[in-house]
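First the structure, in the form of structure tokens, and then the observations on it.
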Amino acid sequence: MIKINKTPNFNVIDEIKNLETKYSLSDTQKILLSTDGSITNILDVLKGTVNIKTTKQEHHKANKDIAELLAIDEGDEVNYRVVIIRRKNEPLIYATSYTPLKRLTEEFKEDLTRADIPIGRILKTHKIESRREVRSIEIKETDEELKKIFKTDADLLSRTYNIIHKDNILISIEETFPISSFTYDLKTS
């Protein structure tokens, strides 16, 4: 479930420094947690072309928490999607998203519900001008489902962010990966 961070002065750099009081994070982990760009593009560069496997996709009416998260009315229709971003069969990132359907064009909605297209690629295909606003970064304990997916019981790094289009939340996303992943640092010259 996506966590709502109501801290008005959330600062990504400060939050990463806070996490580093508990864990030493690699440069790559810090980039994945803090980027305001496409995770898919970053993973394509780091790992080679990635794809997604959609494990759940459903439409339902927004409850109070989801309505608040997306700045929509309670009862509005939302798309809930769970995907695993992967390279071949190696799971890289587990992601959940909520999208208010009333804010999508029919073409965008078709691509989103068609399943296995990364959101970053859908935005690019439809030439959607948007920005990403990181709302939270945290370390959390894994659960049974993620232990099976990632084949580890390591703690998880997680970030929640909104994709903003025309001053409205187009999509709210939580991305999670084991702290034991992406542990390599970038080469320095």
Side-chain angles (χ1 to χ4, degrees), residues 1-48 50 52-53 55-56 63-71 80-87 90-99 118-120 123 130-164 169-189:
M1 176 77 169
I2 293 177
K3 178 177 101 173
I4 300 172
N5 181 333
K6 296 183 180 181
T7 308
N9 297 321
F10 178 77
N11 182 296
V12 172
I13 294 168
D14 290 342
E15 195 57 35
I16 286 176
K17 286 179 184 176
N18 182 43
L19 292 181
E20 287 194 297
T21 64
K22 300 170 189 154
Y23 287 96
S24 177
L25 300 177
S26 72
D27 293 342
T28 305
Q29 290 170 327
K30 290 185 241 183
I31 289 168
L32 291 171
L33 290 171
S34 66
T35 185
D36 59 3
S38 168
I39 274 289
T40 306
N41 286 343
I42 292 170
L43 292 174
D44 283 344
V45 169
L46 293 174
K47 295 286 195 173
V50 299
I52 67 169
K53 176 183 178 189
T55 62
K56 183 182 284 188
N63 62 26
K64 182 180 176 187
D65 290 339
I66 298 302
E68 183 179 340
L69 174 73
L70 298 171
Y80 173 67
R81 181 165 103 149
V82 178
V83 302
I84 301 168
I85 304 172
R86 59 194 188 159
R87 169 76 173 123
E90 175 193 5
L92 302 172
I93 293 184
Y94 177 88
T96 59
S97 65
Y98 289 93
T99 307
I119 289 172
L123 292 168
S130 62
R131 63 183 171 83
R132 287 169 173 81
E133 181 180 274
V134 179
R135 303 295 295 152
S136 69
I137 297 172
E138 65 181 318
I139 296 171
K140 59 186 187 179
E141 291 182 12
T142 193
D143 61 25
E144 290 307 313
E145 178 185 13
L146 295 178
K147 281 180 186 179
K148 288 178 187 172
I149 290 169
F150 290 113
K151 295 178 178 49
T152 181
D153 59 358
D155 284 345
L156 303 168
L157 290 170
S158 179
R159 78 179 190 137
T160 302
Y161 64 97
N162 294 331
I163 296 177
I164 310 292
I169 298 169
L170 185 64
I171 306 170
S172 188
I173 301 172
E174 180 181 37
E175 295 168 337
T176 305
F177 58 92
I179 199 158
S180 56
S181 298
F182 307 105
T183 56
Y184 41 87
D185 279 320
L186 303 174
K187 291 182 172 89
T188 56
S189 46

Rounded to the nearest 0.5 Å, what's the gap from CG on L25 to CG on L157? Could you check? 6.0 Å

My understanding is that only residues two or more places apart in sequence, or in another chain, count here; which of them pass side-chain hydrogen bond (donor to acceptor under 3.5 Å, both in side chains) with E90? none

With sequence neighbours left out, what residues match S38 under side chain to side chain contact (heavy atoms under 4.5 Å, CB included)? T40, N41, R132

Identify, with sequence neighbours excluded, every residue that meets side chain to side chain contact (heavy atoms under 4.5 Å, CB included) alongside E145. Y94, D143, I149

Counting only N and O atoms by type, is there a donor-acceptor contact under 3.5 Å from the side chain of T21 to the main-chain atoms of N18? yes

Under the side chain to side chain contact (heavy atoms under 4.5 Å, CB included) test, residues paired with K147 that sit two or more places apart: T142, E144, D153

Would you give the length of the straight line joining atom CD1 of I119 to atom CD1 of I173, rounded to the nearest 0.5 angstrom? 4.0 Å

Could I get the full list of salt bridge (Lys or Arg N to Asp or Glu O under 4.0 Å) partners for D44, not counting sequence neighbours? R121

Sorted by chain and number, sequence neighbours left out, salt bridge (Lys or Arg N to Asp or Glu O under 4.0 Å) with R131 holds for E133

Partners of E15 by salt bridge (Lys or Arg N to Asp or Glu O under 4.0 Å), sequence neighbours excluded? none

With R159 via salt bridge (Lys or Arg N to Asp or Glu O under 4.0 Å) - residues at least two apart: E175

Shortest non-hydrogen pair, V134 vs S34, comes out as CG2-O, 4.1 Å

Between Q29 and T183, is there a donor-acceptor pair closer than 3.5 Å when you use the side chain of the first and the backbone of the second? no

State which residues pass side chain to side chain contact (heavy atoms under 4.5 Å, CB included) with K56; sequence neighbours excluded, sorted by chain then number. E58, Y80, V82

Qualifying residues under ring-ring contact (aromatic ring centres under 6.0 Å, His included), relative to F182, sequence neighbours excluded: F177

